[in-house]
Amino acid sequence: MGEMDLMSKGDLAQSVELAAEVLTKHLAGVPRLAVTLGSGWDELVDESRVESAVDFKDIPGFPIPTVEGHRGRVLKVITESGHILVQDGRIHCYEGLSSLEVSFPVFAYARCGVKALVMLSAAGGLNPLYIPGDLMIVRDHIFLFGDNPLEGLKLDGYPSVHVNLSGIYKTEWQEALKSALPSGVRCEHGVYAYVKGPTYETDAEAAFLRMAGADAVGMSSIPEAMCAAFLGLEVAMMCCISNTLLPSRALGLSHEEVLKVTRNRAQSIRGYLDSLAAQACALL
Ligand code: HPA
């Protein structure tokens, strides 16, 4: 069966079963908390804590990341508070996939018993008070420019696609992400605007998104967040502000720069997965 057959909407339920089977077998039991690591965030992984790993290419239906800084592995990591699932690498719609295809792993995780999804990513700062290296916990999002992953989904046994996204980022999860940080790290709560990319914003687009109420803009995670909400998972998200767009754009904005700033920030909070798992325990 080809990749597109596997991902056609009619076959989704079957594809999810196949992927869940592989994950359950390779990871010998799937944890309740899943954390996805975008650009630069792979620095949080301590390889000595990885108990098992499976490559995306060995999981039916999982898309293969093509972007520098995204490895494409699902890990079972032991923390001081038990196991967590870590997705090391993320797929983006700008790699040529639909929102549903990039969100497919979330369907598989939910099928395996994952109850909460925490997404770590990079974003460009629109709030003029933000500086590169700041962290922003997402309190809401704006998704107006992508294809909705739930478009056209008609699946037996799944809930309604008319998901109420009001309050999707629960306060207690936002607080958990924040409490897990070491003291002294600059961190705000803000609104994330999703754009498809892969180009960065024009000055007029950045000004428009700011006017619309966004504090940061990025090219990832929101399709997965919507699918997670659809599947009844708790959702939380934190971005590293890798560059600023307003009041002025840093010269030479590039993917390399985004990776460098985010990697530095991740290195400065190395034990974050341990403290996040501890905070999540109280909520799961
Ligand atoms: N725009 C969109 N996505 C991003 C940016 C940006 O400036 N920085 C990191 N991801």
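Taken to the nearest 0.5 Å, the CG atom of Leu37 stands 6.0 Å off from the CG atom of Leu44. With rounding to the nearest 0.5 angstrom, the CD1 atom of Ile269 is 8.5 Å from the SG atom of Cys240. Summarising the geometry, atom SG belonging to Cys227 is positioned 8.0 Å from atom CG belonging to Asn148; distances are rounded to the nearest 0.5 Å.
Here the side chain of Trp41 pairs a donor or acceptor atom with the backbone of Ser121 at under 3.5 angstrom. Although no hydrogens or angles enter the test, the distance criterion places a donor-acceptor pair under 3.5 Å between the side chain of Ser99 and the main chain of Asp147. Judged purely by atom type and a 3.5 angstrom limit, Tyr192 has no side-chain atom pairing as donor or acceptor with the backbone of Met237. Using modelled atom types, no side-chain atom of Ser179 and backbone atom of Ala176 make a donor-acceptor pair closer than 3.5 Å. No donor-acceptor pair under 3.5 Å is formed between the side chain of Ser242 and the backbone N or O of Val258. In this structure, Lys76 contributes its side chain and Ala28 its backbone to a donor-acceptor pair below 3.5 Å. Judged purely by atom type and a 3.5 angstrom limit, Ser160 uses its side chain to pair as donor or acceptor with the backbone of His162. The main-chain N or O of Glu205 is found under 3.5 Å from a side-chain atom of Thr202 such that the two form a donor-acceptor pair. Side-chain atoms of Glu257 never come within 3.5 Å of backbone atoms of Ser254 as a donor-acceptor pair (strictly under, hydrogens ignored). Remark: the backbone N or O of Ile78 is paired with a side-chain donor or acceptor of Arg49 at under 3.5 angstrom.
Using a 4.5 Å cut-off between side-chain heavy atoms of Ile, Leu, Val, Met, Phe, Trp and Tyr, with links allowed through other members, Leu165 and Val102 fall into the same hydrophobic cluster. Hydrophobic clustering, with ILVMFWY side chains joined whenever heavy atoms are under 4.5 angstrom apart, groups Tyr109 together with Ile64. A single hydrophobic cluster is seen to contain both Leu284 and Val118, as judged by linkage of ILVMFWY side chains at heavy-atom distances under 4.5 Å, directly or through other members.
Applying the salt bridge (charged side-chain N to carboxylate O under 4.0 Å, His left out) test to every pair with at least one member in residues 221-247, sequence neighbours left out, gives these pairs: Arg90-Glu224, Lys170-Glu234. Within the structure, side chain to side chain donor-acceptor pair (under 3.5 Å) pairs that include any residue of residues 122-136 comprise Asn127-Asp215, Asp134-Arg186 (at least two apart or interchain). For residues 193-217, the set of pairs meeting the ring-ring contact (aromatic ring centres under 6.0 Å, His included) definition, not counting sequence neighbours, comprises Phe143-Tyr194.
Neither side chain, His189 nor Tyr169, offers a donor N or O lying under 3.5 Å from an acceptor on the other. Residues Arg265 and Thr262 bring no donor and acceptor atom of their side chains to less than 3.5 Å of each other.
Residues Gly89 and Phe56 approach most closely at O-CZ, 3.7 Å, considering heavy atoms. The minimum heavy-atom distance linking Gly61 with Phe104 is given by the pair O-CD2, 3.3 Å. Closest heavy-atom contact between Ser220 and His92: CB-CD2, 3.6 Å.
Between Thr244 and Pro132, some side-chain heavy-atom pair lies under the 4.5 Å cut-off. In this structure, the side chains of Val217 and Ile142 stay at 4.5 Å or more apart for every pair of heavy atoms. Within the 4.5 Å cutoff, side-chain heavy atoms of Leu23 are placed close to those of Ile59.
Put simply, the residue from Val86, Asp88, Asp274 that forms a side-chain contact (heavy atoms from CB on, under 4.5 Å) with Val77 is Val86.
The pair Arg270-Asp46 does not meet the salt-bridge criterion, since no charged nitrogen lies less than 4.0 angstrom from a carboxylate oxygen. For Lys196 and Glu95, the salt-bridge test fails: no basic side-chain N is under 4.0 Å from an acidic carboxylate O. Note on Arg263 versus Glu43: salt bridge recorded, some NZ/NE/NH1/NH2 to OD/OE distance being below 4.0 Å.
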